[in-house]
Every structure is written in C-alpha cells, then in structure tokens.
Amino acid sequence: MTQTPAVTSASPAPIALATVFASFEELWSPRILTRVNDYDVRVAKVAGEHVWHAHDHTDEFFLVIEGELHIALRENGTERTVSLPRGSAFTVPKGVEHRPYAPSGASLLLFEPTGTLTVGDRHDAVPEHVDATTGHALEV
C-alpha cells in the first residue's frame, strides 16, 4: 500500500481537469485532486478491469469525465451491471461488492473518505495493474 503525502483542503487556484489528467499516465492509480472536509476528491484513469471489492463502512461515488465506465455489482444474491457514459454519476452503497471496468478506458472523479483504500476492506487477489493505495499526491 502506498501512503499519501499531505494534501491541503483548499486549492490556492482553480484546477483544470484537462491539465490534471495530462499530468499522469498510470491506470487504476488515483491522484488526490483536493480534500473536502474529511473526503478526498480523487481523479483516476482506468482501462480494463479493477478487482471485486467492497467498502464496508463507506459509499463510493463515481463521476465519468471521459469515456465509459461499467460497474458490476453483487448484492442480495444477484449480480447486475450499471453502465456510466461520459457525464454520468453513480454511488456504490457501502458493503456492496463491486468491480469497475472500462473496456475502452475512462477518466473518473471519485469521492471517498480520506484514507480509503482503493481495493476496499474486502477484495479478491489484487492484480499487478491495480494500485492498492489510499491515493497519490497530485503533481501538476
């Protein structure tokens, strides 16, 4: 697990998302854009599949900035998938197993409590391409 350097709550200037997304290439390795109270506002580039996981104590918010994201969900003994085209948002409720995937790639904005691990509290084996982190400092 990678630890995150300190990030301030307030941004000293407006943040251009295009500049932010151009500043890194790593997939499934979110950057902390800013903090709002005790939540991280994270951005991530994704492609392919993440890992089945669940956050037992928090919801997870996804906003698709570019591309399309699919989120497979397991709840109440059933499995379903939600598809999020560009500009769509979705919140995975706490405790629900989910696996995000983006066959053609996507850029995301996420809200999670500071310190939340990207692979949740319960997860399958973490593949090499998924960064199990609490977020990385943004270097623009």
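Because the structure is predicted, anything quoted here is derived from the model rather than measured. In what follows, every heavy atom counts, from backbone to side chain, and hydrogens, waters and symmetry copies are set aside.
- Salt bridge present: E25 and K45 bring a charged side-chain N and a carboxylate O closer than 4.0 Å.
- Considering only heavy atoms from C-beta on, L73 comes within 4.5 Å of F90 through its side chain.
- Summarising the geometry of P100 relative to L69, their closest heavy-atom pair is CB-CD1, 4.0 Å, with the distance given to 0.1 Å.
- When hydrophobic clusters are built by joining Ile, Leu, Val, Met, Phe, Trp and Tyr residues whose side-chain heavy atoms come closer than 4.5 Å, directly or via intermediates, Y101 is not grouped with L84.
- A donor-acceptor contact shorter than 3.5 Å links the side chain of W28 to the backbone of A47.
- Under the 4.5 Å side-chain heavy-atom criterion for Ile, Leu, Val, Met, Phe, Trp and Tyr, V82 and L108 are members of the same hydrophobic cluster.
- Expressed to the nearest 0.5 Å, how far CG of L109 lies from CZ of F21 amounts to 6.5 Å.
- At least one donor-acceptor pair closer than 3.5 Å links the side chain of R122 to the backbone N or O of G95.
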**Item:** Verdict with reasoning, T114 to R35, per side chain to side chain contact (heavy atoms under 4.5 Å, CB included)
**Value:** CA-CA 8 Å; T114 298; R35 291 213 168 107; 3.3 Å; yes
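- The pair E139-R31 fails the salt-bridge criterion, with no side-chain N (NZ, NE, NH1 or NH2) lying under 4.0 Å from an Asp/Glu carboxylate O.
- A salt bridge is absent between D56 and K94; no separation between the charged side-chain nitrogens and carboxylate oxygens falls under 4.0 Å.
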**Request:** Verify side-chain hydrogen bond (donor to acceptor under 3.5 Å, both in side chains) between S83 and H70, making sure each step is shown before the conclusion.
**Result:** CA-CA 4 Å; S83 296; H70 305 278; 2.9 Å; yes
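- If you look at H50 and H98, their ring centroids are not closer than 6.0 Å.
- Listed for the T91 side chain is no donor-acceptor partner under 3.5 Å among the backbone atoms of E60.
- Side-chain heavy atoms closer than 4.5 Å link hydrophobic residues (I, L, V, M, F, W, Y) into clusters, and following such links, even through other members, never connects I71 to W52.
- Residues L110 and A44 come closest through the heavy atom pair CD1-CB, 4.2 Å.
- At least one side-chain heavy atom of V51 sits less than 4.5 Å from a side-chain heavy atom of P127.
- Using a 4.0 Å cut-off between charged nitrogen and carboxylate oxygen, E112 and R42 count as a salt-bridge pair.
- Looking at heavy atoms from C-beta onward, P30 lies in side-chain contact with T118 at the 4.5 angstrom threshold.
- Proximity of L138 to S23: side-chain heavy atoms (C-beta onward) are separated by under 4.5 Å at one or more points.
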**Request:** Begin with the C-alpha distance, continue with both residues' side-chain angles, and end with the deciding distance and a verdict on salt bridge (Lys or Arg N to Asp or Glu O under 4.0 Å) for R86 and E68.
**Result:** CA-CA 6 Å; R86 178 182 176 192; E68 184 172 30; over 6 Å; no
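- Of the inter-residue distances, the one linking S29 atom OG with F24 atom CZ reads 7.5 Å to the nearest 0.5 angstrom.
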**Item:** Candidate pair V119 and V126, rule side chain to side chain contact (heavy atoms under 4.5 Å, CB included), full reasoning
**Value:** CA-CA 8 Å; V119 294; V126 180; 4.0 Å; yes
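- In terms of hydrophobic clustering, with Ile, Leu, Val, Met, Phe, Trp and Tyr side chains grouped at heavy-atom distances under 4.5 Å, F61 and V20 are assigned to a common cluster.
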**Request:** Kindly indicate, with the supporting measurements, whether the criterion side chain to side chain contact (heavy atoms under 4.5 Å, CB included) is fulfilled by V96 and D59.
**Result:** CA-CA 9 Å; V96 173; D59 300 333; over 6 Å; no
**Request:** Using the side-chain hydrogen bond (donor to acceptor under 3.5 Å, both in side chains) rule, take H53 and D121 through it: C-alpha gap first, then chi angles, then the decisive distance, then the call.
**Result:** CA-CA 7 Å; H53 67 285; D121 303 303; over 6 Å; no
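- Nearest heavy atoms, T134 versus G115: CG2-O, 3.3 Å.
- Classification of E75 and R80 as a salt-bridged pair holds, one side-chain N sitting under 4.0 Å from a carboxylate O.
- With a 4.5 Å cut-off on side-chain heavy atoms, V41 and V36 count as touching.
- Put simply, the side chain of I65 does not reach to within 4.5 Å of the side chain of V43, judged on heavy atoms.
- Contact annotation: the side chain of D40 never approaches that of F111 to less than 4.5 Å [non-hydrogen atoms, C-beta and beyond].
- At distances below 3.5 Å, at least one donor-acceptor pair connects side-chain atoms of T116 with backbone N or O atoms of P113.
- Remark: aromatic rings of H57 and H55 are distant, center separation not under 6.0 Å.
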